[in-house]
Amino acid sequence: MATEHAASHTRLPRHDAPDDLLPQYGCGPIKFDGGSNALFERHLLFDNVLAPSEIGNRERYEAIARSVRDILSQRWQQTEETYNRENPKRIYYLSMEFLIGRSLRNNVLNLGLDPLARRFFNETQLDELAILAEEPDAGLGNGGLGRLAACFLDSMATMQLPAMGYGLRYEYGIFKQTIVDGWQREQPDNWLRRPDPWEVARPHLAVAVELGCSFEVRGGNLKAIVGVPSTLLGIPYDRPVVGYGGKTINTLRLWASATPDSFDFQEFSAGEFVGALAERLAADTVTRVLYPDDSTSMGQGLRFVQEYFLVASSLADLVRRFRANNSDWNDLPDKVAIQLNDTHPSLAVAELMRILLDKGNLAWEESWEITRRTLAYTNHTLLPEALEKWPLRWFELLLPRHLEIILEIDRRLREELLARWPDDNDRAERASIVERGGARLVRMAHLAIAGSHSVNGVAEIHSRLLRDVTVRDLAELYPDRFNNKTNGVTPRRWLLLSNPDLAGCINEAIGDRWVTDMERLETLRPLAEDGGFVSSVRQAKRAAKLRFADWLKSQAGISVDPDTIFDSQVKRIHEYKRQLLNGLRIVALYRRLRENPHLDIEPRTFFFAGKAAPAYHVAKVIIKFLNNLGDTINGDPATRDRLRLVFLPDYCVSVAERLIPASDVSNQISTAGYEASGTSNMKFMMNGALTIGTRDGATIEMAAAAGEENFFLFGLTAEQVATSRGWYSPWWHYENEPETRAVLDLIMSGHFCRHEPMIGETLRNILLAGGDPYMHLADLASYMEADMRLQSLYSEPDAWTRRAILNIAGSGKFSSDRTIAEYASDIWNLEPCLVR
Ligand code: 26Q
């Protein structure tokens with residue numbers, strides 16, 4: 001059943017570009033037939049002032065991207081004009097991270113320009129893949145939290161919501177990872193070395209950010225110059241966020257820091273020109289680099305200034321916009337919703353209070369009411385070491401007025417706690433904002449909870465643990481604020497764009513409306529019994545595997561066999577995510593094969609990818625171990641035809657877009673209770689991989705949606721993890737489970753790390769001597785058992801594909817459109833605003 005739109009040969013849904021996307025330009029009408037593509041030719045010739053012989057694919061990429069930007073620019077501007085005219089309530093999404101990836105193909109797709117692009121490449125005979133590969137990934141994020149922000153922007157624009165993202169324009173994104181001798185090495189990601197065709201600098205909209213002192217930056221640490229207040233300039237750089245269908249084009253506004261031009265060198269340094277220049281350098285340093293997600297960088301002063309810089313620039317900007325269209329501060333919560341992506345922008349509580357008190361001259365109670373009704377906070381982690389706390393001393397130096405405000409918020413909160421639970425000083429101490437005892441710290445999560453009307457976690461189990469365990473005292477004080485918003489991912493990038501084969505086969509079966517209404521995938525459920533559909537889904541998976549294998553061969557020179565099971569675990573390397581548990585499983589299978597060469601097991605290729613925070617030593621040893629393990633089993637004649645392990649370097653959005661569609665198996669094996677949600681789990685599911693995993697994060701809800709019988713669940717539950725903490729000992733498993741013992745003995749014998757005893761020693765410490773805090777050994781036997789079930793299902797191709805279809809059919813809930821619809825109705829009270 002093909003739809004009327006499924007005409008083009010890739011069978012992608014084809015919506016026509018809105019008429020006014022094809023505007024008239026000052027130079028006369030532009031023809032959009034690929035043959036005389038005037039826009040492209042003009043950019044190619046004039047933007048870089050090069051002779052035709054000097055033009056390469058990078059210049060071609062820039063010219064195409066600039067042409068696409070030309071095409072969308074009027075619609076983009078009309079979107080903002082409409083919002084200004086209609087003055088709807090707007091949502092501002094504040095995030096230190098937006099993990100965007102590449103934009104060209106995504107923008108072309110969302111604008112409905114796919115047919116045009118196809119014609120263009122046909123006629124010009126240019127190398128499409130090589131040109132697309134010239135675009136660097138915009139890696140302005142660490143992982144899940146940053147990618148979630150990018151998916152949310154896509155959904156908000158697609159749903160025609162008046163939304164804007166605010167973030168930082170890091171000159172260096174997440175580091176590039178190389179693997180040298182099995183070890184991770186970090187290289188700077190200078191993604192802006194060449195001009196970025198998507199961004200529009202708006203220096204005339206610069207804002208000033210005032211700090212209580214001046215500072216120099218030494219190795220990420222701040223050296224305060226006390227008593228000399230300073231000013232930073234925030235320069236906005238706007239990027240278009242194209243909604244699917246091209247109707248709404250929202251803005252992602254990224255701030256770059258600079259020193260004000262009006263800076264008074266004389267007064268500051270009394271003729272000290274060099275000293276004044278040093279100050280200028282410090283200001284320019286603020287948005288230089290994205291901090292990697294790890295607990296060692298938690299205490300760095302530059303990060304603190306970055307967070308305030310984001311908050312102050314964004315609030316100044318949105319308040320200016322609000323004031324231009326409204327006269328009464330009390331209308332702010334009816335016109336503005338601000339969502340805080342984790343505590344990273346939670347200084348917004350104090351900043352908004354400061355604006356209302358000092359600029360609006362409002363009373364405390366009124367200001368507090370407006371602040372709370374405007375702000376909402378999303379929590380993404382329960383790990384205590386990841387909860388932000390900043391030294392009070394830094395507030396004294398850099399943000400003295402904010403400190404006054406925070407101390408008053410803290411005083412009132414303590415008063416409220418003691419009024420509600422008289423004499424319970426312990427509770428007041430636990431729940432307060434300022435942590436006393438030793439150096440005083442400001443608990444940013446408590447500040448965010450106190451100053452928001454909504455506090456949400458990102459999956460059911462996570463929201464429950466947040467409320468009942470992590471911040472229980474505050475949840476008892478403000479029960480109505482706490483809610484859940486299970487994460488989602490955009491089906492445009494993660495299915496339609498990255499998996500054309502599967503998308504085409506779904507379109508043929510049920511039409512293309514699932515692209516903006518993922519619940520429609522439910523209608524695939526009966527087709528799990530349709531032989532024709534089952535075989536076309538299997539073919540689509542095979543095509544994706546072949547495409548990935550070709551790419552891997554050409555990129556890295558690595559050959560993989562598409563007839564093996566592609567079994568993947570891709571995510572940041574962290575102990576709680578338990579890449580090591582996966583490693584133990586592989587060692588166990590390797591041992592079984594060596595013991596019994598005739599063992600009937602499904603040939604398999606294991607894929608790992610992910611970065612370790614540069615200062616996270618244990619995570620780096622895990623990467624080293626996995627690489628060594630790969631070297632051993634890939635080189636062992638007894639196993640190399642049936643087990644292979646590939647560690648893909650430099651995991652990023654673009655690698656995910658290729659690997660996920662090609663995977664048969666998705667590993668989601670965190671210690672239950674630790675993964676807030678996970679989002680790659682959802683991408684695998686909608687691409688027809690089967691999940692082997694623990695009952696953690698959103699995986700629990702995914703299994704419920706697909707039917708638990710279509711999942712390979714194993715391991716302790718979060719409750720079991722919590723209650724066995726006190727008495728758990730990995731030694732019990734070592735002593736009582738022969739395979740567990742044999743696996744560990746083999747690792748500790750140095751079999752995989754012959755001349756590197758330190759590796760085995762570290763693993764022994766993690767898994768045995770150190771008490772195995774993430775309980776790898778507790779779950780190994782049950783992981784192996786689930787793995788056996790998985791293998792036996794794979795040996796029946798039709799049964800396997802049927803389950804894959806039931807997974808795809810159940811994945812509709814995990815569209816970020818559903819998540820955003822819930823935020824809009826439950827938290828933001830926000831309606832769409834149609835552009836003309
Ligand atoms: C904090 C302070 C200083 C330096 C860095 C940081 C920092 C940066 C990034 C702390 C945490 C992060 C990122 C966290 C993250 O990605 N969390 C993931 O969020 C996803 C989206 O909700 C969830 O699906 C994952 O479960 C969660 O781990």
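- Contact check on Arg430 versus Asp426 returns no salt bridge, with no Lys/Arg side-chain nitrogen under 4.0 Å from an Asp/Glu carboxylate oxygen.
- The number of heavy-atom neighbours closer than 6.0 Å to CG of Asp423, taken from other residues, nucleotides and ligands shown, is 12 or below.
- For the pair Lys577 (side chain) and Glu675 (backbone), a donor-acceptor distance under 3.5 Å is absent.
- A donor-acceptor pair under 3.5 Å is formed between the side chain of Arg818 and the backbone N or O of Lys813.
- The aromatic ring centroids of Tyr93 and Tyr166 lie 6.0 Å or more from each other.
- Put simply, the side chain of Arg578 reaches to within 4.5 Å of the side chain of Thr694, judged on heavy atoms.
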Let's go through Trp255 and Ser314 carefully: what are the C-alpha distance in whole Å and the side-chain angles of both, what is the deciding distance for side-chain hydrogen bond (donor to acceptor under 3.5 Å, both in side chains) to 0.1 Å, and is it a yes or a no? CA-CA 8 Å; Trp255 297 100; Ser314 308; 3.2 Å; yes
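- Around atom CZ of Arg373, more than 12 heavy atoms belonging to other residues, nucleotides or ligands sit under 6.0 Å away.
- The shortest side-chain heavy-atom distance between Asn341 and Leu94 does not fall under the 4.5 Å cut-off.
- Side chain of Arg202 to backbone of Asp238: no donor-acceptor contact under 3.5 angstrom is found.
- Without hydrogens or angle criteria, Arg725 side chain to Pro773 main chain gives a donor-acceptor distance under 3.5 Å.
- Taking the six-membered ring where the residue is Trp, Trp394 and Trp390 present tilted rings, their angle falling between 30° and 60°.
- Side chain of Ser815 to backbone of Thr490: no donor-acceptor contact under 3.5 angstrom is found.
- A side-chain donor-acceptor contact under 3.5 Å links Asn142 to the backbone of Asp293.
- Among residues two or more places apart in sequence or in another chain, the ring pair (Phe, Tyr, Trp, His ring centres under 6.0 Å) test is passed with Tyr377 by none.
- When ring centroids are compared, His574 and Tyr616 come within the 6.0 Å threshold.
- Between the side chain of Thr819 and the backbone N or O of Gly488 there is at least one donor-acceptor pair closer than 3.5 Å.
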